[in-house]
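Below: one structure, written as C-alpha cells.
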Amino acid sequence: MVKHLNAIPTKHAKLVKWVEEWAELCEPNGIYWCDGTNTEYYALCEEMVQSGLATRLNSKLRPDCVLFRSDPSDVARVEARTYIASEKQEDAGPTNNWIAPAELKATMRELYKGCMHGRTMYVIPYSMGPVGSNIAKIGVEITDSAYVVINMHVMTRVGNKVLEVLGDDGEFVPCIHSVGKPLENGESDNGIWPCAPMEKKYIAQFPETREIWSYGSGYGGNAILGKKCLALRIATVQARDEGWMAEHMLILKLTNPEGKVKYVTGAFPSACGKTNLAMLIPTIEGWKVETVGDDIAWMKFGKDGRLYAINPENGFFGVAPGTSMQSNKNAMLSCRQETIFTNCALRENGDIWWEGIDIDLEPGEKLIDWKGNVWEAGQVDADGKPVKAAHPNARFSARGRNCPAIAPNWEDPAGVPIDAFLFGGRRPSTLPLVYQSLSWEHGVMIGSSVGSEVTAAALDVKAGTVRRDPFAMLPFCGYHMADYFAHWLEIGKVAGAKLPKIFCVNWFRKTADGRWLWPGFGDNSRVLKWIFERCDGEGKAQETAIGYMPTEDAIDRTGLDSVSDADMKELLALDVEGWKKEVASIREHYAKFGDKMPKELLAQLDALEARLAKC
Ligand code: OXD
Ligand code: MN
C-alpha cells in the first residue's frame, strides 16, 4: 500500500479508491493531495529551484517567476501520438488517430507499471470554469510532475474548494499523467524534466468513459490535462451529449463609446493571433476591448435562449516568441509577475528573453538559450542557420487575474451572453477582410471550412496550400468531425434559440507582390466595430454571393493612413474566380468525411457555387 503524505481531504470513496489503485500500479514514493494554496505553489517552485529543475528569475524584474527547460524532444503537443480511443473507429473519424480502448489501455498499463519510482504522485482536484458554475466541470489529475502541478494552479482552479463542490459522490473526469519511467531517459540531473521517447508517448482520450491517460511527455497540452484533453477533446463529447458547445475560441468583451457591451468569441487555428485579439488595445477613440478568455469557450443556452460562455481556464498558456509591448502589451504585462516560463532564454540580469520581444540586449551580452547553452546574438549553427535563443514554441503560463485587460466579470459563473462568432485563418488572397454569413447554416459552412495557408517551410506541403482546420478544432475534436458539424447544425435548431451572428475575418491579406494590406493588431478594432454594428442590425453592408460584405466606406478608417482607398477596395473586393477555386477546395475537404457529411452543408456549398456562377 503506497502511503499518503498528507491527510486525505475528501470522503469521496470512488476518488480515493481510484487514486490508490493508480498508486499501486505506478509505485510512487507517496501520494500528495494538492490543496491549491499559494503556500503549496511556492513550496513546489522552491523545491524545483533547489533541485535544479527550475531557475528563479530576478525578483525585482520578474517577481515570483520561474523558468524551465524541457528535454529538446519534448517541446510541443504531439498530435501524431494523440488518440481518440472510442469503442468504434468510425466514431473517432478520419481526423483523429485511433486505437481500440482495450488494446491501448493494455499497452499503457505496461508503461505505467512502476513509472513513478522515486517520485511523488500528486493528486490535483481541479475545476474547469469558476468553481461551482453550472457550466463548469471537475477533473482530477494524477501526475508525477511538480511542473504540471504549478501549471495546473495557474491554468485551472485547484484544491479543496473543488473537492467541496465534488462532495462525496460527485462526477469527475479522471486524468492520469506520467512523464515516463525514470530509467528511460535517466532521471533529471541536468536541469530538464525526463520524458519517454516519441514511440512511447501516448496522449489518450477515452470518450465513452470520459477518461484521459497521458504518458511520456511533460509539455503543455500533453501534460496539463485540463486544457486541450479535458476542456476540448472530452468536453466536445459531453457537449454533444448534453446539448452545449465546447469550442477552441477566445472570448472578448467589446464596449462602444456609449458604454454598450457585446461579447464576441472567435475560433482561429493555432498561430493566427488569438491571444493578441483577445487582449487587443483599440486604435479607435472611445472603444474598449476586455479579455474573458484567450483559447477556449464553453457555451450553454440560458433561459432567454442566448448562448452564455465561460472561459474554463484560469490563465494564459501563451506562445512567447513574437510577443512584445508593441504586439501585445497586455500579454507582456500579464507575465511580469507570478509566471512560469518554459523554453525561453535567460539573460545575465536574471530576466527572460525571446525572439521578437523587442528588448535590445547589451552589446556582447551572452544569454543562456532554451537548451541551457551559452548564446550570443548572430550565432549560427554548423549549416550557417541562425540559432534561436528561445524555442519557437516557448511559453508563458500567466494568471488571468494579472492581465490588465481582464474583464471584471470574467469569472461570472453564469457566463457572458455571446453576440457574435468569428472564424478566421491566414489567407493572403481571396477571403475579404470581413464578411457576415447569410444564415446560421451558412455560418456553420464557414466554420467547417476554416483554413490557413501554410508555407513550404512550416509543413511538408506545397507553399500556398490551404490547410483546412474546421472550427480550429482539427487536433481537438473528441469524435467524428462530421458529427461535430451536425452538432453545430443541431444547435441552430434549438427551439427559442437567439443565436450569435457569424462572421469570417481575415487579417492576413497581401497584395500580389507580398505587401500586407491590413495592419492588424489594434486596428482590428475597426473591424470589431463593424461587427458590433451588424449585431444591432446596423453597419453598412451589401448582400453578395459569399455573404454580407461591408461597403467600401463601412469600416472606420479615422486616423488610419496606412490603408489607402485602393487597399480598402482590394480588401473588400469579391474575387469571383478565387472563390470558385475556394468552392472546389472546400468540396475536396468535405469529401474526406464521406457519408457522415451533413447534407445541409453540401447544400450550402452548392448554393454558394450557384450564386458565384451568376456573378
Ligand atoms: C494552443 C494551441 O497551444 O492551440 O493553444 O496549440
Ligand atoms: Mn489553442
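Whatever order the structure lists ligands and atoms in, that order sets their numbers, starting from 1.
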Do [X] and [Y] have side chains that get closer than 4.5 Å, going by heavy atoms?
X      : Y      : value
Val162 : Val140 : no
Asp295 : Glu313 : yes
Asn222 : Lys201 : no
Lys329 : Pro404 : no
Lys288 : Leu254 : no

Item to check | Between Asp91 and Trp98: side-chain donor-acceptor atoms closer than 3.5 Å | outcome: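 Side chains of Asp91 and Trp98: no pair found under 3.5 Å.
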
How close does the nearest protein non-hydrogen atom get to [atom], and which residue and atom is it?
atom                   : value
atom 5 (O) of ligand 1 : Lys228 NZ, 2.9 Å
atom 4 (O) of ligand 1 : Ser270 OG, 2.8 Å
atom 6 (O) of ligand 1 : Arg77 NH2, 2.8 Å

Checklist entry - Relative to the heavy atoms of Asp295, which atoms of ligand 1 are at a distance of less than 4.0 Å? => result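 In order of numbering, the contacting atoms are 5 (O).
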
Next on the checklist: With heavy-atom distances below 4.0 Å as the criterion, list the atoms of ligand 1 near His248.
Outcome noted: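 Near His248, meaning under 4.0 Å from one of its heavy atoms, ligand 1 has 4 (O).
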
Checklist entry - Any N or O on Lys227 sitting closer than 3.5 Å to an N or O of ligand 1? => result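 No, since none of the N or O atoms of Lys227 sits under 3.5 Å from an N or O of ligand 1.
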
Item to check | Per-residue contact class, Glu313 against ligand 1 - non-hydrogen pairs under 4.0 Å | outcome: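 Glu313 to ligand 1: no contact under 4.0 Å from either part.
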
Item to check | Which segment of Phe476 sits under 4.0 Å of ligand 1 when only heavy atoms are counted | outcome: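 Side chain only.
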
Checklist entry - What residue among His248, Met249, Glu247 forms side chain to side chain contact (heavy atoms under 4.5 Å, CB included) with Thr265? => result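 Of all the options given, the one that passes is Met249.
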
Checklist entry - Under 6.0 Å from the NZ atom of Lys388, do we count more than 12 heavy atoms belonging to anything else shown? => result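 No, not enclosed.
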
Checklist entry - Does Lys274 have a non-hydrogen atom less than 4.0 Å from ligand 1? => result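 So Lys274 does not count as touching ligand 1.
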
Item to check | For the Mn ion (ligand 2), the closest N/O/S atom belonging to Asp295 | outcome: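 Restricting Asp295 to its N, O and S atoms, the minimum distance to the Mn ion (ligand 2) goes to OD1.
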
Checklist entry - Measuring to the Mn ion (ligand 2), does Lys228 have an N/O/S atom at a distance below 2.8 Å? => result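 It does: Lys228 brings an N, O or S atom closer than 2.8 Å to the Mn ion (ligand 2).
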
